[in-house]
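Computed over heavy atoms, backbone and side chain alike; hydrogens, waters and symmetry mates excluded. Order of the sequence lines sets the chain letters (A, B, ...), proteins ahead of strands, with each chain counted from 1.
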Amino acid sequence: MDKKRRDFLKVAGISTLAGLGGTAVVDKIVAGASPAVANASTAAHAEKDTAHAKAPVAATGKRYGMVIDVRKFQNDPSLGEKAERACIEAHNIPEFPEKKDEIKWIWMTNYENCFPEKSQLYKDETTESHQVPVFCNHCDDPPCVRACPTKATFKNKDGVVIMDFHRCIGCRFCMAACPYGMRSFNWRNPRPFIKETNKQFPTRMRGVVEKCNFCAERIGVGEQPACVEACGESKAMVFGDLNDPHSEVRKILKENYTIQRKPSLGTHPSVFYIV
Amino acid sequence: MYDSGKIIPGLIIFVLFITIPIWYNHGDAGNAPKPELPKDAKSCVLSAEDMRSGHMQLLNEWRDEVLRDGDRGTITIDGKQYQKSLMLTCMECHTSKKKFCDTCHDYASVKPYCWDCHIAPVE
Ligand code: SF4
Ligand code: SF4
Ligand code: SF4
């Protein structure tokens, strides 16, 4: 019996080694057999990486973005509420009584929550007392899209990060991946908590994630996003194509000093703030 | 055969039991559903036969075109433009989900999840 066990261990040990070595050898052979494929993919990756390092903005196609003038939100504190309401009404966003169930697409938050990387010691009075609107940044390199296993979250041809609710399985990987916390999960059936139903837009069901979609359904037919419209003439929020050098957003970006949220993460947000 | 006195009645009971659905309905498949058609609309986006057999594929195509490809082009019927939309096109003419969608879906015992999110017309 003893001898047998010894033999068994020997054979097992040798086959494990052979197996480990073997896969390495097989890998080598496979890599050697198809060098063109392997090279092409690494080259493509390398190219993509350098492209990101050099020019964060894609040169072709549309890339919708927004510029938020925080000063205007400070001058008129009602604007934040207006933008929130417009979004809630446009997208059938439920309003739950309990904070833990909350679904939010756009909301006002403290400066230090919006820009945690900025110096927070000895803030000036306006920064201390006023709030900043936050919503999905429609990142050019969105980590939520990379995390989503079903492609329910994806970047569309206009550079807008949207969701196909039909495909969402509620795994919430995207929520873990979004460094800005811009996504909400439907823990409960949202339907009974929708105050006024907008017939132009569907609701969601329990177990689905949702977030700002840059009003894809409105910009697709040439309208402005609901929150931008709600801010009206104040121009506190301006929407447009960042890839079009003649667009209004690009003009504003040229004339003002703007910041993005957590730029060091390399997500390349498409929402800019004038502070 | 041994025990034929037990086996044969047992078999008969078994056969009767698994055919319950047939004799319970008297061999009749029930009346074919009669979905109520819109009164004022004459033509649909496809012929009645194509809609009957393929409306689910069409809705999926519309969904993918509009949402994933951002192609919101309209469909023209009799000079009128229609969007690719369940809520805004189909249910504009078929104003009753109960009298239209549900009649066949109930009959065929299918439970599409469209209405978990899409809003049915008020009835
Ligand atoms: S802000 Fe978050 S949810 Fe929006 S695109 Fe970026 S990572 Fe995704
Ligand atoms: S919760 Fe939905 S959208 Fe988010 S990663 Fe999972 S499937 Fe994708
Ligand atoms: S762009 Fe549209 S979806 Fe996004 S916050 Fe504004 S109103 Fe809501």
**Request:** Measure distances from B:Leu67 to the heavy atoms of chain A and classify the residue's part below 4.5 Å as side chain, backbone, both or neither.
**Result:** both
**Message:** side chain to side chain contact (heavy atoms under 4.5 Å, CB included), that's the test. Do A:Arg167 and B:Arg68 meet it? Break it down for me.
**Reply:** CA-CA 11 Å; A:Arg167 293 178 80 128; B:Arg68 298 202 85 90; 3.2 Å; yes
**Complete:** Scored by heavy-atom pairs under 4.5 Å with chain B, the best of A:Gln200, A:Lys151, A:His166 is A:His166
**Prompt:** Do you know which of A:Glu217, A:Arg204, A:Arg191 has the most heavy-atom pairs with chain B at a distance under 4.5 angstrom?
**Reply:** A:Arg191
**Asked** Should A:Asn198 and B:Ile119 be marked as a side chain to side chain contact (heavy atoms under 4.5 Å, CB included) after you check the CA-CA gap, both sets of side-chain angles, and the distance that decides it?
**Response** CA-CA 9 Å; A:Asn198 170 17; B:Ile119 301 161; over 6 Å; no
**Request:** Answer yes or no: does atom NZ of A:Lys62 have more than 12 heavy-atom neighbours from other residues, nucleotides or ligands under 6.0 Å?
**Result:** no
**Prompt:** Which one of A:Asn92, A:Thr203, A:Val208 has the most heavy-atom pairs closer than 4.5 Å to chain B?
**Reply:** A:Thr203
**Item:** Electrostatic pair B:Asp69:A:Lys157 at N-O distance under 4.0 angstrom
**Value:** no
**Item:** Pairwise distance CZ(A:Phe201) to OG(B:Ser85) - rounded to 0.5 angstrom
**Value:** 11.5 Å
**Contacting moiety of A:Asn186, where chain B heavy atoms sit under 4.5 Å** = neither
**Item:** N/O donor-acceptor pair under 3.5 Å between A:Lys199 side chain and B:Ala120 backbone
**Value:** yes
**Asked** Where on A:Asn213 is there a heavy atom nearer than 4.5 Å to chain B: the side chain, the backbone, both, or neither?
**Response** neither
**Request:** Measure distances from B:Arg63 to the heavy atoms of chain A and classify the residue's part below 4.5 Å as side chain, backbone, both or neither.
**Result:** side chain
